[in-house]
Amino acid sequence: MADKKAVVQIDDKSFELPIYSGTAGTDVIDVRALGQQGYFTFDPGFMSTGSCESKITFIDGGKGVLLHRGYPIEQLADKSNYLELCYLLLEGELPNHAQYEDFENTITRHTMVHEKIASFFQGFRVDAHPMAMLCGVVGALSSFYHSDLDINDPEQRKRSAHRLIAKLPTISAMAYKYTVGQPFVYPRNELSYAENFLHMMFSVPAEDYKVSPILAKAMDRIFMLHADHEQNASTSTVRLAGSSGANPYACIAAGVASLWGPAHGGANEACLKMLQQIGSVDRIPEFVKRAKDKDDSFRLMGFGHRVYKNFDPRAKVMRETCHEVLKELNIKDPLLDVAMELERIALEDPYFIEKKLYPNVDFYSGIILKAIGIPTSMFTVIFAMSRTVGWISHWDEMLSEKGHKIGRPRQLYTGYNTRDIKDIDQR
Ligand code: CMC
């Protein structure tokens, strides 16, 4: 309920707009009455717009806080695991033993995909980007589950959520195997979620593959730290697609597409490409200089964030894991040297300090994934896999609300006014 009001004066008209306070975060002004009076608000990039009410995730960018259902991400990363977090995001509470066992069992038993999914891959060129395959194949899942597409039935929505969480690693690993020309690897039910993903990525029929517990733990952390991030571009895309009543697989495919861009989920891939472009430690100053030059479009990828203007709490956890993995694997890779030196220089450089540009989660996750042996083109795929639970939780939350509306923004039109068509020979 509104406990405060904003008064807006437009010409001789005055409007009282209710102000709502959430349980945490910035108050919001309800501007809906303006539309009824013939005015729209204008906010490109949604810099000042709350698009929905949500109980799932809270971010305080200034203080570097990220809460899922009230729990700080640092505590979740320390005391929980990805499947527990999935349960929390979907169900609202952390599971007890019996609930966890049941949930893990459900997810594990949905990891296989229909054999016909394999034939979808055969239609792609072998050099297709795995994100292109992921967009297509996730959307295609809707053609396999006709009987479960009633979005008004909470049980059917839940089954779709479980299928998506379970099958995304299988489809992602298939996309990778297809590009390297190796046979698809079936999931194994005795493995954990993270172990199973590494198994499907790296095992081959010719020999046994033993999953390293350190790498499985690092992978699980990467999944956790990407699981949800409130109303970001891809989550808003999923909500917008879902607001029209589209099926969950189509909505998640829309989320995958939105995530792909380098300003969003594509940043981890872009970051590794940038490290390759820099190539050696002695060239870092040249690139840092370019990043600061207003006339140069070059940016340090993996630095900065729309919401976190202090530090990214996910990056703090990821940094720890990154240093653990590098120490454990004892890898000598010049790119990793470039990354570590770039981190050091940027954290000390006044330009980055003043603009509050810190390494973000994708800077460290990119380095870990590279150390684990995951090819760069798979980085954003792994982000998409991890974020699927966030997307589907928001989609479910939106559909659970009574009277939710189709998303339909307005615009400030600056094109031609009505004009008449001239005959083609007079144009
Ligand atoms: N390198 C150099 N300068 C930068 C960078 C960067 N990475 N990021 C921002 N700036 C500068 C920018 O030029 C601008 O300077 P000025 O005020 O002089 O015009 C100022 O900092 C503010 O930048 P902005 O683009 O207005 O900030 P934003 O909040 O709209 O953008 C961002 C946030 C993440 C898109 C941007 O920082 C960026 O492009 N970073 C690199 C891409 C990246 O790592 N993205 C992943 C984000 S984390 C994953 C996720 O959650 O999706």
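Just so it is clear, the values below take in all heavy atoms, side chains as well, and ignore hydrogens, waters and symmetry mates. Read the numbers this way: they start at 1 and go in the same order the structure lists the ligands and their atoms. Just so you know, residue 1 is the first one in the sequence shown, and it goes up from there.
- Under 4.0 Å from ligand 1, the heavy atoms of K309 that appear belong solely to its side chain.
- The ligand atoms of ligand 1 that sit less than 4.0 angstrom from a heavy atom of G304 are 34 (C), 37 (O).
- In the candidate list L300, V361, I59, L300 is nearest to atom 6 (C) of ligand 1, counting heavy atoms.
- The protein non-hydrogen atom at the shortest distance from atom 33 (C) of ligand 1 is R306 N, 3.6 Å.
- Counting only distance, with no hydrogens or angles, the side chain of K63 and the backbone of I59 share no donor-acceptor pair below 3.5 Å.
- Ring pair H229/H394: centre-to-centre distance not below 6.0 Å.
- The proximity of N232 to ligand 1, defined as any non-hydrogen pair under 4.0 Å, does not occur for either the backbone or the side chain.
- Interface atoms of ligand 1 facing G302, defined by a heavy-atom separation under 4.0 Å, are 43 (C), 44 (O).
- If you check each of F303, Y358, F383 against atom 40 (N) of ligand 1, the one with the closest non-hydrogen atom is F303.
- By the ring-ring contact (aromatic ring centres under 6.0 Å, His included) test, F298 pairs with F287, sequence neighbours left out.
- The nearest heavy-atom contact from the protein to atom 2 (C) of ligand 1 is A291 O, 3.7 Å.
- Taking the six-membered ring for Trp and the full ring otherwise, F58 and H68 have centroids separated by 6.0 Å or more.
- Contact atoms of ligand 1 toward D362: 48 (S), 49 (C) (distance under 4.0 Å to a heavy atom of the residue).
- Taking each of R387, H226, K294 in turn, the one with a heavy atom nearest to atom 16 (P) of ligand 1 proves to be K294.
- Of the polar atoms of A267, none of the N or O atoms is found under 3.5 Å from an N or O of ligand 1, judged by distance alone.
- A ring-ring contact (aromatic ring centres under 6.0 Å, His included) with H226 is found for one member of Y364, F383, Y82, F379 and no other, namely F383.
- The shortest separation from a heavy atom of F363 to ligand 1 is not under 4.0 Å, leaving the residue out of contact.
- In this structure, R314 is part of the shell of residues with a heavy atom less than 4.0 angstrom from ligand 1.
- Counting heavy atoms closer than 4.0 Å to ligand 1, residue Y351 contributes side-chain atoms (C-beta onward) but none from N, CA, C or O.
- Shortest non-hydrogen contact noted between R125 and Y178 is O-CE2, 3.6 Å.
- Using a 4.0 Å cut-off to heavy atoms of H264, the atoms of ligand 1 that qualify are 46 (C), 49 (C), 50 (C), 52 (O).
- Nearest non-hydrogen protein atom to atom 5 (C) of ligand 1 is L357 CD1, 3.8 Å.
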Legend entry - Derivation of the ring pair (Phe, Tyr, Trp, His ring centres under 6.0 Å) call for F144 and Y249: CA-CA 10 Å; F144 289 85; Y249 305 100; 9.4 Å; no
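- Taking distance alone, with nitrogen or oxygen atoms compared against 3.5 Å, G265 stays at or beyond that limit from ligand 1.
- Every atom of ligand 1 with a heavy atom of K355 under 4.0 Å away is listed here by number and element: 11 (C), 15 (O), 16 (P), 17 (O), 18 (O), 20 (C), 21 (O).
- Counting protein heavy atoms only, atom 38 (C) of ligand 1 is closest to R299 NH1, 3.3 Å.
- The stretch residues 31-41 participates, sequence neighbours left out, in these side chain to side chain donor-acceptor pair (under 3.5 Å) pairs: D30-R32.
- The shortest contact between atom 51 (O) of ligand 1 and any protein heavy atom is with H305 NE2, 3.1 Å.
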